[in-house]
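Right, one structure below, let's go through it.
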Amino acid sequence: MVVCLVGFWLFENFYTPDTYTAPEGVAPKVNIPFDFLPSSTTGEIVQHNYFTLSYSEKHEQAEWVAYQLDRNQLTYDDRTRPYFIEDPQVRTKSADYKNYKRSGYDRGHLCPAGDRRFSEYAYNETFYTSNISPQNREFNAGIWNELENTVRYWTKKYDGVYVITAGVLSDGLDSIGDEDVTVPAYFYKIVARRDGAEIKAIAFLFKNKESKSSLKSHVVTIDKIEQKTGIDFFEKLPNAMEDKFESTVILENWKF
DNA sequence: CTGAAGCAC
DNA sequence: GTGCTTCAG
């Protein structure tokens, strides 16, 4: 019996895929447009087929994940959750999912699996651990989930948005697991859309814990997120345009 | 929707 | 290791 189990384990381990593959062949790269890419403080940018990220090896997670969400990508296909695996495109390998086991924290998606149900590959891709951060259970299932649902609503209403999101990474924070995955104290999300020649954007900042206050009360300027993260968002856009919408909060541009 | 955890194989 | 079921916010 023991021999059988060991043999079974070896067999399975040998054939365990280390990457997700597109069943339909080569999936297209549908990334966030160049104009919307933030700066990278780590220099390690990874482009997946349906999202782009900047990985921080020091903190064993992304400092940002950016993706475009189109109206026609919002489907309700039933998908089976795959296992979280290390991102083969991160040179140093992203964190092993076991760091999170019994840590008390969720493996919180940055690019939500719920936004990527239109294909099996797109869905599976969100389960690379480079797209995962330690999130408080009540935060993830609560106001963070509420914001993700709101982003899907805006996607339908405004015909597509761009999303940039992650935890705020810095020294001195708690960590979990053998690889010391940093537990962010804050999470941010920036949502932008085109409106003719204009860009409209809104930014949110949350503590990594349960919140019972409204989404609106968590709206901040993009400047504020830049101060906390050291990341330059929308650096590829003309300065005049960038300065204008990064320093102000205009709630009227977004229907809640 | 967002997830964890236990158990058989 | 995977597959399946059960459970919670």
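Just so it is clear: chains get the letters A, B, ... in the order the sequence lines come, proteins before strands, and each one is counted from 1.
- Taking atom OH of A:Tyr100 as the reference point, atom C1' of B:dT2 lies 15 Å away to the nearest angstrom.
- By the 4.5 Å heavy-atom criterion applied to side chains, A:His218 and A:Leu147 are not counted as neighbours.
- Note: CZ (A:Phe84) to P (C:dG3) measures 16 Å, nearest angstrom.
- Atoms CD (A:Gln135) and C1' (C:dG9) sit 14 Å apart, rounded to a whole Å.
- A:Tyr97 comes within 4.0 angstrom of the backbone, heavy atoms only, and of no base.
- The stretch residues 137-157 of chain A touches DNA chain C through A:Arg137, A:Ala141, A:Asn145, each having a heavy atom within less than 4.0 Å of the strand.
- With rounding to whole Å, A:Lys189 atom NZ is found 12 Å from B:dT2 atom C1'.
- The side chain of A:Lys98 places an N or O atom within less than 4.0 Å of a non-bridging phosphate oxygen (OP1 or OP2) of C:dG1.
- Each side-chain hydrogen bond (donor to acceptor under 3.5 Å, both in side chains) pair with one or both residues in residues 239-248 of chain A, not counting sequence neighbours, would appear here, but there are none.
- Atom P of nucleotide B:dA4 and atom CG of A:Asp106 are separated by 5 Å, given to the nearest angstrom.
- Summarising the geometry, the separation between CZ on A:Phe127 and P on B:dG3 is reported as 7 Å, rounded to the nearest angstrom.
- Distances shorter than 4.0 Å separate none of the side-chain N or O atoms of A:Arg81 from OP1 or OP2 on B:dA5.
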Contacts under 3.5 angstrom, residues 79-88 of chain A side chains, donor-acceptor by atom type, not counting sequence neighbours:
{"residue": "A:Arg79", "atom": "NE", "partner": "A:Arg117", "partner atom": "O", "Å": "3.0"}
{"residue": "A:Arg79", "atom": "NH2", "partner": "A:Arg117", "partner atom": "O", "Å": "3.0"}
{"residue": "A:Asp87", "atom": "OD1", "partner": "A:His48", "partner atom": "NE2", "Å": "3.3"}
{"residue": "A:Asp87", "atom": "OD1", "partner": "A:Gln89", "partner atom": "N", "Å": "2.8"}
{"residue": "A:Asp87", "atom": "OD2", "partner": "A:His48", "partner atom": "NE2", "Å": "2.6"}
{"residue": "A:Asp87", "atom": "OD2", "partner": "A:Ser130", "partner atom": "OG", "Å": "2.6"}

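- One finds no side-chain N or O of A:His109 lying less than 4.0 angstrom from the OP1 or OP2 phosphate oxygen of B:dT2.
- No side-chain donor-acceptor contact under 3.5 Å links A:Gln68 and A:Tyr50.
- Judged by distance alone, with hydrogens and angles left aside, A:Tyr83 brings a side-chain donor or acceptor within reach of the base of C:dG3, the pair sitting under 3.5 Å.
- Under the rule for a side chain to side chain donor-acceptor pair (under 3.5 Å), A:Asn208 has no partner lying at least two apart in sequence or in another chain.
- Summary of the strand contacts: A:Asp78 and A:Lys101 both lie near DNA chain B, and taking for each the nucleotide with the nearest heavy atom, the more 5' one is attributed to A:Asp78.
- In this structure, CZ of A:Phe206 is placed 16 Å from P of B:dT2, rounded to the nearest angstrom.
- Spacing between atom OH of A:Tyr123 and atom P of B:dG3 amounts to 9 Å, rounded to whole angstrom units.
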Sequence neighbours excluded and cut-off under 3.5 Å, please list the side-chain donor-acceptor pairs for residues 220-230 of chain A, or say none.
{"residue": "A:Thr221", "atom": "OG1", "partner": "A:Lys224", "partner atom": "N", "Å": "3.1"}
{"residue": "A:Glu226", "atom": "OE2", "partner": "A:Phe233", "partner atom": "N", "Å": "2.8"}
{"residue": "A:Thr229", "atom": "OG1", "partner": "A:Ile225", "partner atom": "O", "Å": "2.8"}
{"residue": "A:Thr229", "atom": "OG1", "partner": "A:Ile231", "partner atom": "N", "Å": "3.1"}

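- With sequence neighbours excluded, the residues forming a side chain to side chain contact (heavy atoms under 4.5 Å, CB included) with A:Lys236 are A:Phe34, A:Leu37, listed by chain and number.
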